[in-house]
Amino acid sequence: MTSGSQQWESVELPVTVFDDRPAPQWSDVFPVPSLSVQQKELIVRIAELAKLPHDWDSYDSPPISTTATAIAFSVVTGLGPDFLSKVSVVPVSGGGLQFEWEVLSRHLELEISSTGAVEYLKSEGNIPLAEGTIEDGSFSQLRSLIMWTVSDQPEEEAA
Amino acid sequence: MPEQVDDLSIGHDEILWRRVTPDKILPTTRSDIPPPSNVFRSNAVKISVNRAILSSVEATLKDYPDNSLVAVTAGAVRDAGCIVVSDPKEDNPAHVLIIGKRPDGILTKGECRNIANSASWVIFRSPHVVDI
């Protein structure tokens, strides 16, 4: 795992493969061999979602923004595979992306808006417990939330 | 912008419909549990729904044959702390907006979760289910 003080901006971003820009330069190419299987699958998923057209949600949503896509990539590469085994990624109307961790009754949503704002929601048994923002791209705050999610233990059966 | 008020002509028991695009349905999404909260989430605009009493499943899904459909009552939306505002369009007189407590009216993530908890699938079309 990487250090807790790491931030979004410190992660090298793979900013290619998801739009119609010219062929990537060497500086843009992401070092795929260094990624885990989970990370590669998530990168592919995010890149696919980044191709969604205008009105993809049937409610006039813009495409997923390049800002949201870049931050999502940085979350995947910055968190490391240990924190990504129970996560899915879904698009959010308005041009954002959402990571969802679900372990037993605990659920964590991490939403990246089209402008790059990052919000979270912790739920247990589908009951919202806490929501807020991830300040300054703090991986340590995000890892703490994920640790809460995956630390869920099954309740003891009643005697 | 004038403050918008809850439209009490829309009864608590009235059913509101919202389409769900296949991209929002994961392999783990099931038809026998409430829909995911992102069905009611937008980080940019207010949430549009159709009043069932003024529309039909066919009309709501017209032009979107691969979409699913979820239903929630206006009362459940209000119980989540939100309001419903009639916003009829020329081509859709059933159009309603769900407005949250934030100043911009966009639903918070908790509001989305609570509304989704009370919602149910009317039509569930998973892109991950292959007919045999």
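Not measured: the values here are computed from a predicted model. Residue numbers begin at 1 in each chain, while the letters A, B, ... track the order of the sequences.
Residues A:Pro128 and B:Gly110 approach most closely at CG-O, 3.9 Å, considering heavy atoms. Scanning all heavy atoms of the two residues, the minimum distance from A:Tyr59 to B:Trp17 falls at OH-O, 4.4 Å.
By the criterion of side-chain heavy atoms lying less than 4.5 angstrom apart, applied directly or through intervening Ile, Leu, Val, Met, Phe, Trp or Tyr residues, B:Val72 is not grouped with B:Ile99; the two fall into different hydrophobic clusters. Criterion: ILVMFWY side-chain heavy atoms under 4.5 Å apart, direct or through other members. Under it, A:Val75 and A:Leu97 are part of a common hydrophobic cluster. Under a hydrophobic clustering in which Ile, Leu, Val, Met, Phe, Trp and Tyr are joined whenever their side-chain heavy atoms come within less than 4.5 Å, directly or via other members, A:Tyr120 and B:Phe40 fall into different clusters. At a threshold of 4.5 Å between side-chain heavy atoms, the hydrophobic network of Ile, Leu, Val, Met, Phe, Trp and Tyr places A:Trp101 and A:Met147 in one connected group. Placement of B:Val39 and A:Leu49 in two distinct hydrophobic clusters is found when ILVMFWY residues are connected by side-chain heavy-atom separations under 4.5 Å, directly or transitively.
The distance from atom CZ of B:Arg41 to atom OG of A:Ser113, rounded to the nearest 0.5 Å, is 8.5 Å. Here the straight-line distance linking atom CD of A:Glu131 with atom SG of B:Cys112 works out to 8.5 Å at 0.5 Å rounding. Distance check: A:Leu110 CG to B:Lys109 NZ gives 8.0 Å after rounding to the nearest 0.5 Å. Rounding to the nearest 0.5 angstrom, the gap separating the CG atom in A:Asp55 from the OH atom in B:Tyr64 is 4.5 Å. For the atom pair CG of A:Leu121 and OG1 of B:Thr108, the computed distance is 8.0 Å after rounding to the nearest 0.5 Å. To the nearest 0.5 Å, atom CG of residue A:Asn126 and atom CG of residue B:Asn117 are 4.5 Å apart.
For a residue to count as touching a neighbouring chain, one of its non-hydrogen atoms must lie under 4.5 Å from one of that chain's; by this rule B:Asp23 touches chain A with backbone and side chain alike. With a 4.5 angstrom heavy-atom cutoff, A:Ser123 touches chain B only via side-chain atoms. There is no contact between A:Leu129 and chain B, counting heavy-atom distances below 4.5 Å. For A:Glu102, no part lies under 4.5 angstrom from a heavy atom of chain B. With a threshold of 4.5 angstrom between heavy atoms, B:Thr28 does not approach chain A through any atom at all.
Identified by a heavy-atom distance below 4.5 Å to chain A, contributing residues of residues 52-62 of chain B are lacking entirely.
Considering only heavy-atom pairs separated by less than 4.5 Å from chain A, the leading option among B:Asp63, B:Asn38, B:Val45 is B:Asn38. Comparing B:Pro36, B:Ser48, B:Pro27 by heavy-atom pairs within less than 4.5 Å of chain A, the highest count is held by B:Ser48. For chain B, the option among A:Ala117, A:Ala130, A:Pro91, A:Gly95 with the highest count of heavy-atom pairs below 4.5 Å is A:Pro91.
Within a 6.0 Å radius of CG in B:Asp32, more than 12 heavy atoms belonging to other residues, nucleotides or ligands are found. Around the CG atom of B:Leu26, the shell of radius 6.0 Å holds more than 12 heavy atoms that belong to other residues, nucleotides or ligands.
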(request) Check step by step if side-chain contact (heavy atoms from CB on, under 4.5 Å) holds for A:Ser58 and B:Thr21. (result) CA-CA 7 Å; A:Ser58 81; B:Thr21 187; 5.6 Å; no
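Using a 4.5 Å heavy-atom threshold, the side chains of A:Val92 and B:Ser42 count as separate.
Between the side chains of B:Lys24 and A:Gln98, no donor-acceptor pair is found at a separation under 3.5 Å.
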